[in-house]
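Residue numbers run from 1 in the order of the sequence given. Because only heavy atoms are used, hydrogens play no part in the values below, and waters and symmetry mates are left out as well, while side chains stay in.
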Amino acid sequence: MLRRLAHARARHRLIRRTPHALSTAAAPAPVPPTLTTPPAAPPLSAADLELLLRRGHYSASTHRFHSILPLLSHPSVILSSALHLSRRAHPSLPTPPHPPPTTTVSSSAAAAVAAISSPSTHLRILLPSRLKGQPLPFPTLPLRLAMRSAASALDAVFAPRAATFAYRGRHAAIRYLRSIPSASWFFRVAIPRQRFGPRHVRRLLDAISGKVDDPGFLEYLNELFVSEAVAFELGGCELGRGLPQESELTATLVNIFFDPVDRELMAVREEVHKKNPRLKDETVLHTPVRVYAVRYLDDILVVTSGSKMLTIDIRDRVIAVLERDLEVKVDRLGSSIHSAVSEKIEFLGIEFQAVPPSVLHPPMSEKAKRARKKYLKMKAEKAQELKNARETRRKKLGLKILNHLFKRVRRGEEFEFDFQIENEVQQVFKDWAEETVAEYFRSREHCQYWHRMLTSGDFLSLTRVRDQLPPALVDSYDKFQETLDRFLMPKRGQNMSEEEERIAEEEEEEEYEKRTVEDLTELKMRANAPIELVRKAVKLAGFTNSMGRPRPIKLLLCLDDADIIKWYAGVGRRWLDFFCCCRNFKMVKTVVSYHLRFSCFLTLAEKHDCTKRQAISHFTKDLKVENDDGVTEVHFPTEREIRMMGDKNLTDPKPVDGTLTMILVRLAVEDTSYSCLVHFCAKTDTVLYRIRLLQNRLNVDPLNENKWVCGLSAIHESLNKKCLPLCSMHASDLLLGKITLQDIDCTQFVDVE
């Protein structure tokens, strides 16, 4: 941190810090009396600090948290321990020299107290590039560490008590919605865009004070809201998207704030389940009335399998809790009830609708059945050909061995064996003959042919002829006919074929009956990607023209070939990972495999002033590129990889918003002495990049749904045209979407003259 501040004061001939882009808060808030520096605060151990800093850790016990929570009123303990643990986890973080112990302890304690006791002094105001833009208060690294510690501490207390339907991952919520059976009605609680104001903060602190008895900690949270270190809006689409304007505390505080709604929904579900128990008689087809709910931050979706009046009553109770207990404005018209069968509803960027099981798993068509039979027949013929080839090779080998032995016997040579092989040879030939005859009789064509040849035109079957013949000859003929009918009668094979066809028809009828009953009695939730919104986003970002055909993005021409491919790969992989659990995932694959891939080819062709065919020939269809060491790398997903993708992603991927709406433009500035701005990275071999935001390039307001894509969030406009130095590794990670601007110290941006 000291080294970065030293670089911040340095001046360069082309690059310099300007007070217009970065300035501190005007008036620091007074230090609360409850947050005083202790005379000798005990340091936190590594295990305790990991308990505080670990995000999403739900197994922490409450009594251990209460043993750590009093130390939250000692800011110097948290921050000094956090920085110590960060240096141990990130060896690249520079370690300050070793001054006298008294000086080090006093300076770090003073900095820690200033960071937590007065958050406003550790905020930097990012001014937008246009005059009418809104500034953005951004916390420094010590304050962000303190807020992350507070978030982890709150998670340790409130997460074990959270409702099971309050999800922290989008894909977990989507998979739960897909498993809901027999949905009849659903509604989404429509919360209009509104600022999380003082009345909401008061309700939130009251909820926290019921579980946490620490006035100093509550005062610290209140100071975060007063200084706007934590500021967000309800009803928007920015929460949980990995955008830099979102704080580390936001998700935790929103889940705590909406806990009364979760409790009300849990009470409703318990009441409905008690009134409508499930029948234990398996012979009776019964679908009980059930209530299902999903909440992700401030998005709430309720699904019922009962009547519409029951759904209306549940909606009124949920809205009453929001308006009465939480003082949240709700759009009642937007929260109307929808039929789950005949209407679609959008939730978490996915379209949901209840459909019969045959829609999700349709039966095979007649054409598909014929194709499958043809494939199985070809597969059987190929297996038979391989078997015949093996038999032919064995027969040739046996004949060669017999020929060799016969020649040696003719020359008078004798063979001495320790055992007699006559019995073994007889058994081998006997088995061979039986297998050949059995295989021959399995062919109906052969049996029909020989039965017709041996029975047609025989005069011994005439009565006047049989009376004139000896009885022994007639009996012998009759026995021959019986044996012939028993082995070669075509009627036997015909009966077997009819029996097989009858069994196949019965199985098909049973399958049809089962499928029909399921379609009439069951409904399953279908999740589809909003393909029209995806195409609109592709067109808005400049991947396609007005005709829907790929086009180059000229703003990327100043980047290296590898950086261009990485940016396209970051957008494509984000889309593929996010929509992998959708039913129409194949259409998203087409958008990535065709529109994005060929837009990348056209951009590379525009940069090198060549044709698209030449660009494809040079980079191949997989967009291969060589790195600095001469090793070929593939960043964009290949066509085979895209075809093999499916619903196997167990992690919760971040949406494409942050990657799609931001382009990093490399600046032609050499010999920069600034260190990398990624947290805990001290590399000085960096390259300057300028952030260009999509809404500023198009001069479009993201809140205008007519010109913007509905549901697509945007990075705050104050980051537009800001310059940040990045090392090669972190620049690649940012282009590929592996890290976001939340992982970067946005208070250390630089301006280029």
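W567 and F543 have their aromatic ring centers within a separation under 6.0 angstrom.
Here T740 pairs with R574, K654, Q742, D743 under the side-chain contact (heavy atoms from CB on, under 4.5 Å) rule; sequence neighbours left out.
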**Study point:** ring pair (Phe, Tyr, Trp, His ring centres under 6.0 Å) evaluation trace for Y296 with Y167
**Key:** CA-CA 5 Å; Y296 178 78; Y167 288 92; 8.9 Å; no
**Study point:** Verdict with supporting geometry, L154 and F217, side-chain contact (heavy atoms from CB on, under 4.5 Å)
**Key:** CA-CA 11 Å; L154 290 173; F217 181 60; 3.6 Å; yes
Check your understanding: Going through the distances and angles, do L239 and D299 end up as a side-chain contact (heavy atoms from CB on, under 4.5 Å)?
Key -> CA-CA 10 Å; L239 297 181; D299 285 343; over 6 Å; no
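Closest non-hydrogen pair, L540 versus L694, comes out as O-CD1, 3.9 Å. In this structure, L719 and C746 approach most closely via the heavy-atom pair CD2-SG, 4.2 Å. The two atoms that bring P702 and V700 nearest to each other are CD-O, 3.4 Å, heavy atoms only.
Looking at L604 and L623, their side chains come closer than 4.5 Å, going by heavy atoms from C-beta outward.
Relative ring orientation between F578 and H171 is described as tilted, the plane-to-plane angle lying within the 30° to 60° band.
With salt bridges taken as basic N to acidic carboxylate O contacts below 4.0 Å, one links R144 and E248. With respect to K566 and E633, no salt bridge is recorded, no charged nitrogen being found less than 4.0 Å from a carboxylate O.
Side-chain polar atoms of R697 and N720 form no donor-acceptor pair below 3.5 angstrom.
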